[in-house]
Amino acid sequence: MTLYTRFRKQLDAALDALVAAGTLPEGLARGAVTVEPPRDPAHGDLATNAAMVLAKPAATNPRALAEAIAEQLRLIDEVAKVDVAGPGFINLRLVPNIWSDELRTIAEEGGDYGRSDAGAGVSVNIEYVSANPTGPMHMGHCRGAVVGDALADLLEFAGNTVTREYYVNDAGGQVDTLARSAHLRYREALGEDIGEIPEGLYPGDYLIPVGTLLAETYGDRFVAAPEADWLAEFRTRTVAAMMDMIRADLALLGIRHDVFASEAELQAAGKPDDAEAWLRARDLVYDGVLEAPKGETPDDWEPVELPLFRSTRFGDDQDRPIKKSNGSWTYFGADLAYHYQKAQSSDELIDIWGADHAGTVKRIKAAVAALTEEKTRFDVKLVQMVRLLRAGEPIKMSKRSGNFVTLADVVGEVGKDVVRFTMLTRKADAQMDFDFAKVVEASRDNPVWYVQYAHARIASLHRKIAELGIALTAPDLSRLVEDELAVVRLAAQFPRIVEAAAAAREPHRIAFYLGDLAAAFHALWNVGNDDPARRMIVAADPMLTSTRLFMADQIGQVIRNGLALMGVEAAEELN
RNA sequence: GCGCCCGUAGCUCAGUCGGAUAGAGCAUCGGAUUCCUAAUCCGGAGGCCACAGGUUCGAAUCCUGUCGGGCGCACCA
């Protein structure tokens, strides 16, 4: 339980007392009541808006109600002072040791400090990456992978049961193209000169070893055989090889999914048919003809009757086909069944998608709403594009020639931790630049470095103290001064940052918080530049040194815990 | 034509369920520092939160409209 939820409970008790006394009517909704740190520390340690929120429904004025609540709060032992301010804020000043005691809590809980049970009992399925199995991962996939993985970590830390899932799109036309491309490489492996890779097939070199493998497996018997003889088998083999490659790429980022769900298997098991039947029985799928698209009408457009899902009933702009005119499932038709399947085993669903799929969010949300009868929370988080820069110049990528920057290249160049942290330094739905030079720069304006530097500085204290042979004692937390306690207060915010970030499904908040915490710690450290008595290590005073070390260690612990949520290892040393 | 996302300091971006005087970094300006607790530090200035209405005790935040930018718009995935 965080300090804030603990005081929230005490506030509730105070409100109950006022209800019992007849000052407040019974049954007022308290959902909007908050207990948080005031923006201006001069206002105190905690502030609540309770009086302003409750004044109107209680038919009283906020200041008067605030006074009544304040009277109750003054009875709490840990509360040193209560003020009513502004339009009716109640500011609490806590007894001085409340924050230094939080240091002991951090020390006791260690890696679990900040862990919450806010999400207890709620299982969440988070689907991320889901790159088409047609080649290695490139940087376009990277951000979604990191955001999804960090969000999964975050939700787990906040108490949710999390399933990490990857949807393998192994059933569409693209994987047929992939199989044909592999067939070409197969013939090449058997000695044939295949020349230029024809337009429309995948040209990448990564299919060469697949061709070799296919040649070893099948010999030459499919060289001249009709496509129908080998297509399915080649497709299965090649997709499997691609997925091995993708899993290896993901492993470079420290990402492991729990479930790889195959679209082909889903279809083979008849799941889309089941979903269609279920929806038809409720008149949510019907056979109809779509209108021509507004604006520029494609030349080859012609009206066709297709089975349509009534997504307009759930807020979409148009009903959507679930099958193509050739009878096969559309991507949406299968995806709808897939989401139904996920909703069977989890309470809540999250999809992480590239922003280029924004146009299909409404239909899938409509489908989930229909299939779960609006009972399942479902968020689609859109992740914006990343622009790769080298020395300030955008790197040009041409998909056609297969000349794209792969994820493996980038991780190889700057390292997993830098990639992961950097991907979380922006809100997911904001565009981002990734400059190879800037992300590894050792300077104040590189948050990755700045946070690691703070941690490394703390680690260096132990080395230095050992070197100096200072005999450590038990810390005396009463010796911490005000601006040290200010940093401790910030460290103590971590649990509520975790809860807020998890509730909002925004892992980037952890990165920003760590940047703030690191900055505050550095500022404290820098005081020692001018004033040796304020250094973390004061050799002449072992107890003071021990106290400051204890404080620094707990700040380091919070940094480690935050970095762990981002899948980043904390550095002991920088070089 | 329609839909989605976005519009916050010169630049890049945060901004908690709607909360008190809207915050950082860079750049800029003014100081300090040549130190090894290093890969600088401290401070100042800089804002019609795109614009106009609305909701309410209170709006950068919610609603409506306008303007501007990005993305997407039949059986591709």
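Order of the sequence lines sets the chain letters (A, B, ...), proteins ahead of strands, with each chain counted from 1.
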Ignoring hydrogens and angles, state whether a donor on the side chain of A:Tyr286 or A:Asp319 is under 3.5 Å from an acceptor on the partner side chain. yes

Name the nucleic acid region contacted by A:Ile497, choosing base, sugar-phosphate or nothing; use a 4.0 angstrom heavy-atom cut-off, strictly under. nothing

Using both distances under 3.5 Å as the test, list the Watson-Crick or G-U wobble partner of B:A20, or none. none

Would a line drawn from the ring center of A:His43 to the ring center of A:Phe89 be shorter than 6.0 Å? no

Applying a 4.0 Å non-hydrogen cut-off, can you work out what A:Gly528 is touching in the nucleic acid: base, sugar-phosphate, or nothing? nothing

Just N and O in the side chain of A:Lys56: are any of them under 4.0 Å from OP1 or OP2 of B:C57? yes

Give none if B:C73 has no partner; otherwise give the nucleotide forming a Watson-Crick or G-U wobble pair with it, both distances under 3.5 Å. B:G1

With no hydrogens and no angle check, do the side chains of A:Ser116 and A:Glu499 hold a donor and an acceptor under 3.5 Å apart? yes

Among B:C75, B:C6, B:U56, the one nearest any side-chain atom of A:Val304 is B:C75

Write down the distance between CG (A:Leu266) and C1' (B:A77), rounded to a whole number of angstrom. 15 Å

Mind checking A:Leu306 for me? I need base, sugar-phosphate or nothing, with any heavy atom below 4.0 Å counting as a touch. base

If you check every side-chain atom of A:Arg509, which of B:A39, B:C76, B:C17 has the closest atom? B:C17

With centres under 5.5 Å and planes under 30° as the test, does A:His357 stack with B:A77? yes

Have a look at A:Asn529 and say if it touches a base, only the backbone sugar-phosphate, or nothing, with a 4.0 Å heavy-atom cut-off. sugar-phosphate

Heavy atoms only, 4.0 Å cut-off, all strands: where does A:Ala501 land among base, sugar-phosphate and nothing? nothing

Between A:Arg457 and B:A38, does any side-chain N or O lie under 4.0 Å from OP1 or OP2? yes

Over all strands shown, is A:Thr360 touching base, sugar-phosphate only, or nothing at heavy-atom distances under 4.0 angstrom? base

Using the side-chain heavy atoms of A:Asn49, tell me which of these nucleotides is nearest: B:U56, B:U37, B:G19. B:G19

RNA chain B: 5'-proximal contact among A:Ala355 and A:Arg463 (nearest heavy atom): A:Arg463

Within the structure shown, what part of the strands sits under 4.0 Å from A:Val53 by heavy-atom distance: base, sugar-phosphate, or nothing? base

Specify the residues of residues 81-90 of chain A, ordered by number, for which at least one heavy atom lies under 4.0 angstrom from an atom of RNA chain B. A:Ala85, A:Pro87, A:Phe89

Output the rounded distance in Å from CG (A:Asn91) to C1' (B:G19). 11 Å

Indicate, with a heavy-atom threshold strictly under 4.0 Å, whether A:Phe512 touches base, sugar-phosphate, or nothing. sugar-phosphate

Nearest to the side chain of A:Trp525 - B:C17, B:U37, B:C75? B:U37

Of the candidate nucleotides B:A39, B:U16, B:A14, which contains the atom at the shortest distance from the side chain of A:Ala442? B:A39

Considering Watson-Crick and G-U wobble pairs with both distances under 3.5 Å, what does B:G68 pair with? B:C6

Any side-chain N or O of A:Lys427 less than 4.0 Å from the OP1 or OP2 oxygen of B:A14? yes

Expressed in whole Å, how much space separates the C1' atoms belonging to B:G68 and B:A74? 30 Å

For nucleotides B:G53 and B:C49, find the distance between their P atoms and express it as a whole number of Å. 13 Å

Using a cut-off of 4.0 Å on non-hydrogen atoms, how would the nucleic acid contact of A:Phe332 be classed: base, sugar-phosphate, or nothing? nothing

Taking the side chain of A:Leu290 as its heavy atoms from C-beta onward, which of B:C75, B:A74, B:G15 lies nearest to it? B:A74

Rounded C1' spacing from B:U33 to B:G69 in Å: 45 Å

Can a donor-acceptor pair be found, under 3.5 Å and without considering hydrogens, that links the side chain of A:Arg390 to the backbone of A:Phe436? no

Where the side chain of A:Asn49 meets the backbone of A:Thr34, is there a donor-acceptor pair that is under 3.5 Å apart? yes

For the C1' atoms, the ones on B:G7 and on B:C13, what distance do you get once it is rounded to whole angstrom? 13 Å

Looking only at the side chain of A:Trp449 (C-beta and beyond, no hydrogens), which of the listed nucleotides B:U40, B:A14, B:A77 gets closest? B:U40

Below 4.0 Å: OP1/OP2 of B:G3 and any side-chain N or O of A:Lys365: no

Need the pair for B:C62. Rule: Watson-Crick or G-U wobble, both distances under 3.5 Å, any strand; none if unpaired. B:G54

Considering only heavy side-chain atoms of A:Ser325, the closest of B:A39, B:C75, B:A77 is B:C75

Phosphate contact (B:C4 OP1 or OP2) by A:Lys362 side-chain N/O below 4.0 Å: yes

Expressed as a whole number of angstroms, how long is the span from A:Gln384:CD to B:C6:P? 9 Å

Hunt down the Watson-Crick or G-U wobble partner of B:G43, both distances under 3.5 Å, from any strand shown, or write none. B:C29

Given B:C75, B:A38, B:C4, the nucleotide with the shortest approach to the side chain of A:Ala358: B:C4

Looking at the side chain of A:Lys324, which of B:A39, B:C5, B:C76 is the nearest nucleotide? B:C76

If we take the P atom in both B:U8 and B:C2, what is their distance in whole Å? 25 Å

Where do A:Ala518 and A:Tyr450 come nearest, in terms of heavy atoms and distance? CB-O, 3.9 Å

